[in-house]
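Here is the structure we will look at, set down as structure tokens.
Just so you know, these numbers use all the heavy atoms, side chains as well, and skip hydrogens, waters and symmetry mates. These numbers come from a predicted model, not from an experiment. Here is how names work: the chains are called A, B, and so on, in the same order as the sequence lines, proteins then strands, and each is numbered from 1.
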2 protein chains.
Amino acid sequence: MIISYHAAMTAPSHPRLTGPRRPGPGRPREFDTDLALDRAIAVFSERGYQGAAISDLTQALGLTAGSLYKAFTDKRGLFLAAFDRYVAVRTERLRAALEGAPTGRAKIKAVLDFYADSSHGADGRRGCLVVAGAVDLATADPEVAARVTGALHLNEDRLAGFVAEGQADGTVAPHLDPMATARLLLCVLQGMRVVGKTGRDRVEMAPLADNALKLLD
Amino acid sequence: MIISYHAAMTAPSHPRLTGPRRPGPGRPREFDTDLALDRAIAVFSERGYQGAAISDLTQALGLTAGSLYKAFTDKRGLFLAAFDRYVAVRTERLRAALEGAPTGRAKIKAVLDFYADSSHGADGRRGCLVVAGAVDLATADPEVAARVTGALHLNEDRLAGFVAEGQADGTVAPHLDPMATARLLLCVLQGMRVVGKTGRDRVEMAPLADNALKLLD
DNA sequence: CATGATAGGAAATGATCATTTCCGAATCAA
DNA sequence: TTGATTCGGAAATGATCATTTCCTATCATG
């Protein structure tokens, strides 16, 4: 599966993640909120929070500053909305990638492949919004810090579940500590995202997934 | 070894990394360049490049804007100087941590311990300047991108050397591809720095080093 | 069709920021 | 001592940025 994040996101068939807004009184919104957020994700991911100027965002979203502020309150509000959508979309895509995997080990392999896929070429260079949030807002903005921490812990817990599942079905070594192993796998995944920012190709990143599976023996 | 980065850096006994300036004509500089850079490293690491205002930097360095610009040309010049010193200092500290390690495997263990040490508590939260540079300048500034890429490749090559060394001395499995294994280890290291930004403690991070050694079997 | 409410958008606003300027102070070469 | 040179530092400058304002447009409701 070599589908760019944005190609997948702008495809019309993906499941709704935010739900349609109720059409209350007043003039209806002329732009698609989710599409705008996808573009905001791209801008924030590659430039960081502080590096993304409102003018960059209005240009990328095709909105004027007035509309942007009416819809998202703030630059910070836009970032938080984009962050939430990013996590939701990535979670949904990961869930889809996990569908065929029967064992705990196969699921972990699928997660590793998913991240290796995201960490090369143009998408890899664009980077991860969670990492971006961790770097330039984790120390300054408590709410963003909480979301970043929450996203990573969620990922960690999910991985720990797969490790335990693999131990139950015999595909992961029984003596391993699920949480410690999951934390190490989390480091591998986030590290891929950092290394992927330096412009690696598929041949460099894809084999990492297979090699990392040795952590389950 | 649980020494904070800054405690170690402000200690008077560490080897010179930048060399003394020749005292040319004109009024001599009243502040210590390396000490100023160490403080700049702290500010840039925890706030990112764009997030660090000149006023933040002048306050942290104890300099006025005029002096700062005379000494470092630019905000960007200050960042580049801080980045270079950061890499030099970390390399030197890593070299010291590597001194007692006899085998290839022991050296890799030392590197992993070094990063686990850097990725918890206050230092972990402060974060890594290379990661910060990767996130908010890698797409915008070609020179910074080149330095980040160079720093990571250097790390990768050094790790590959240790893998090969371990294969020669029998402490690392002979069938492994040194470069692929080194790249995976690099992901583990950089991932630790990202995860460490979310405020982990030593108990969470230290065991990662031992568990990651399984990648060498 | 009138009212209330919200959206789109251009232009203005106020703050912040990076950078420069200017001047007195300190040092070196002569 | 003199002149050249660089530093320290406060204040000014110009640009950029996030945010607001104001006006028009478009809907739901009664």
Of all heavy-atom pairs between B/Leu208 and A/Cys187, which one has the smallest distance, and what is that distance?
CD1-SG, 3.8 Å
Please work out if B/Lys75 contacts a base, only the sugar-phosphate, or nothing of the nucleic acid, heavy-atom cut-off 4.0 Å.
sugar-phosphate
Atom-to-atom span, CG of A/Leu57 to C1' of D/dA18 - whole angstrom
11 Å
Roughly, in whole Å, what's the span from CD in A/Gln50 to P in D/dC17?
13 Å
What is the distance, to the nearest angstrom, from the CD atom on A/Glu30 to the C1' atom on D/dT24?
12 Å
Kindly indicate whether the side chain of A/Arg29 and the base of C/dA7 share any N or O donor-acceptor pair separated by less than 3.5 Å?
no
Whole-Å gap separating P (D/dT19) and CZ (A/Arg76):
10 Å
Can you measure B/Asp74 atom CG to C/dA18 atom P for me and round it to whole angstrom units?
11 Å
Mind calculating the distance between CG (B/Leu68) and C1' (D/dC7) to the nearest angstrom?
13 Å
Between C/dA5 atom P and A/Lys70 atom NZ, what is the distance in whole Å?
15 Å
Using atom types as modelled and distance alone, determine if a side-chain donor or acceptor of A/Glu204 lies under 3.5 Å from a backbone N or O of A/Asp201.
yes
Among the candidates C/dT20, C/dG8, D/dG9, find the nucleotide nearest to the side-chain atoms of A/Thr64.
C/dG8
Of the options D/dC17, D/dG9, C/dA26, whose atoms approach the side-chain atoms of B/Pro28 most closely?
C/dA26
Pair B/Glu156, A/Arg200 - check salt bridge (charged side-chain N to carboxylate O under 4.0 Å, His left out), show working.
CA-CA 13 Å; B/Glu156 193 173 332; A/Arg200 307 296 184 120; 2.9 Å; yes
Whole angstroms only, please: what is the CD1-P distance between B/Ile54 and D/dT16?
16 Å
Nucleotide of D/dG8, D/dT5, D/dC17 approaching B/Pro25 most closely (side-chain heavy atoms):
D/dT5
Name the residue closer to the 5' end of DNA chain D, choosing between A/Thr73 and A/Ser55 according to the nucleotide with the nearest heavy atom.
A/Ser55
N/O donor-acceptor pair under 3.5 Å between B/Ser118 side chain and B/Phe114 backbone
yes
Per the atom types in the model, does the base of D/dC7 pair as donor or acceptor with the side chain of B/Arg27 at under 3.5 Å?
yes
Could you tell me which non-hydrogen atom of B/Val195 sits nearest to which non-hydrogen atom of A/Gln190, and how far apart they are?
CG2-CG, 4.4 Å
Comparing A/Leu63 with B/Tyr49, nearest DNA chain C nucleotide closer to 5' gives the residue A/Leu63
